[in-house]
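Quick notes on the structure that follows.
Hydrogens, waters and symmetry mates are skipped; everything else that's a heavy atom, side chains included, is used.
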Amino acid sequence: MEKTYPAIQYLLSCIDLEDQEQAKRFQLNEHHSLKALKADGLALHPIRITRKSFGYAEYPEISFKLPFPAETSAFKNGIAIECFCAGEEPVKGMLLFMEGKLGEFRLFAPDFPDWIEDDGVGIKLTPDTRTSNVMKKALLELPQHPYSFSLFQHLHQPKTTPFVAPQLTVPVVPTYLNQQLNESQQIAVQKMLALEEGVFVLHGPPGTGKTTTLLEGIQQLVKTGNQLLVTAPSNTAVDNIAQGLIATGINFLRIGNNTKVNAAIFPYTPEGKLKDSKQEKEIKRLKIRAEEMRKMAFQYKRRFGKDERDQKKLLLNEVKAIRQQIKDIQHYNEEELFDKAQVILGTPIGLMDNALANRTIDAVIIDEAGQCIEPLAWCVIPYATKLILAGDHLQLPPTVLSQKAQEQGLSTSILERFFNSQHHLHLLDTQYRMREAIAHFSNSYFYEGKLQTAAHLQNQGSHLAFYDTAGAGYEEESGQDGSSLTNPGELEAALKIIEQLNLPIEQTAFISPYSGQIAAAKEVLPSNLKISTIDSFQGQEATIIILSLVRSNADYQIGFLKDYRRMNVAMTRAKEQLIIIGDSTTLAKDDFYLQFFNYVETIDAYKSVWELV
């Protein structure tokens, strides 16, 4: 009988709780209307189809345009979606790309539905059961990997499993390829090279050059003969590393077909590396054959007899078989590509689709590990006995919908787990993004004053302003169907600030914690202004940031403004000027905001919306 490990079982139960919450939240039925899904930013409807084509493994791919402004922050590249139309059977798929009003998705079907260009077509989020299944499988197989399982037990049973982190060897100081690295970045690279077994945590607060440091470390590790697996929970983060590697001359392989591949990265994908090869010609021949089968199958329209229906089924089965042949050819050739690659890149789930099984890698690097839920990390950790985690656990944690799963620890990232245990830690201690006046409060509150600001950013000036709405009557309002909050008064103030300070729109971004405020802002503020939720803006920056806090009520309720890590993200996106709009009366009952208001007053950055004409 298979042994049961309580820590594994509790993570499996957390995944089940999250699946149940997703199913409940994303379901479209008589109790949960399409209007409610749209209001919550979980559905886009209607969409206008602009292009149809067949893409990866001959799956249908559809480009679309939104005929209206919408909150699209939940529609991230690679997320599971469902395409629907009233009265028709929905089709599951995956979002490839979403930016502004333009998007693209892939359908897991042999062909386009007959109704795809009818009026009323939309897409909505759907539970990602495939990711859940992959994570469950990885957890159940974890005891088969002795070293990784010992790490797991230490994280979950520290008292019963004594652990002493392996000592770092003392490496020869490398010749740095990037001569601009500061001392803390250089030491981080040395520690990456010195790690022979175990875990190294690279703590990179905002603007400290975490990616720059990782790229140097990757190059140095490759120079010493290491083959690396580099991953991150999002395709965007993976592509960020991939783009940085292009100029290095490293032979890397970007795995995963979840997103619309950047043209610069395409030559480093399996498809790009097989371009003009004999295998590609065979794949093209099979695609032509699949297209012929599809055309024959879809001669039969929606209403036809049994013989025609049987014939259509046979033809579509042939399409399915051809798709499998294409996958087999790609899989066979990926084996050789894996052997040659110095660095293999992909999301944990994207990597699980490919020929990594039974391979031994010299080191696994997880970037943006502060946004990686623990079960996802265990999908890749067993590939090596050397693990490097990079990120900042003091910024936004992983997104977990289930309150119960959060309470049981699913939203505790793999970075935070290891940060709090006995492993090698290193802080990048100099930030190069923002003026010192902007960085000061976060540095003091979150980083114990250990974060320095580069010399050229230390000059004082009016780089921070808090516009207080107290007494102005700018009350928060509930959105339609009781959905996300808005504050029209704060939008009015933002518009006045933009106009009166003559802010350059192309260098300015408007952010808010509430998706309702973002949707409303897109109707009110200049159309060429970048407008985003805080969660979607993590990892980005702008010269000028306007932050709308929204909450203003007589009960002093501040909701998820209580998640100070979200505020840490929000307050560290601006490079030159940070402008915050909020109600001090509502917020100052909370000690975090009270400390911030005290800081604002000490640097003479307090203003009132009454000053806006």
Salt bridge present between Glu541 and Arg573 (N-O < 4.0 angstrom): no
Short side-chain to backbone donor-acceptor contact, Gln540 and Ser536, under 3.5 Å: yes
Under 3.5 Å donor-acceptor, Asn553 side chain and Asp555 backbone: yes
Backbone of Thr533 reached by a side-chain donor or acceptor of Ser512 within 3.5 Å: no
Pro206 backbone acceptor or donor facing Thr572 side chain under 3.5 Å: no
Modelled atom types, side-chain donor and acceptor of Tyr432 and Asn182, under 3.5 Å: yes
side-chain contact (heavy atoms from CB on, under 4.5 Å) partner of Asn568, chosen from Leu396, Leu394, Asp563: Leu394
Residue pairs passing the ring-ring contact (aromatic ring centres under 6.0 Å, His included) test where at least one lies in residues 62-89, sequence neighbours excluded: His45-Phe84, Phe64-Phe105
Whether over 12 other heavy atoms sit under 6.0 Å from Asp119 CG: no
Asp468-Tyr606 side chain donor-acceptor pair, cut-off 3.5 Å: yes
Contacts of type ring pair (Phe, Tyr, Trp, His ring centres under 6.0 Å), residue Phe596, not counting sequence neighbours: Phe441
Inter-residue atom distance Asn487.CG - Thr469.OG1, 0.5 Å rounding: 6.5 Å
Short side-chain to backbone donor-acceptor contact, Gln458 and Glu436, under 3.5 Å: no
Any donor-acceptor N/O pair, Ser184 side chain to Asp429 backbone, under 3.5 Å: yes
Sidechain-backbone polar pair: Ser234 side chain, Ala237 backbone, donor-acceptor under 3.5 Å: yes
Contacts of Phe537 that satisfy ring pair (Phe, Tyr, Trp, His ring centres under 6.0 Å) - sequence neighbours left out: none
Any donor-acceptor N/O pair, Thr131 side chain to Asp128 backbone, under 3.5 Å: no
Any donor-acceptor N/O pair, Ser444 side chain to His440 backbone, under 3.5 Å: no
Stepwise ring pair (Phe, Tyr, Trp, His ring centres under 6.0 Å) check, Phe560 with Tyr514: CA-CA 9 Å; Phe560 60 61; Tyr514 290 93; 4.6 Å; yes
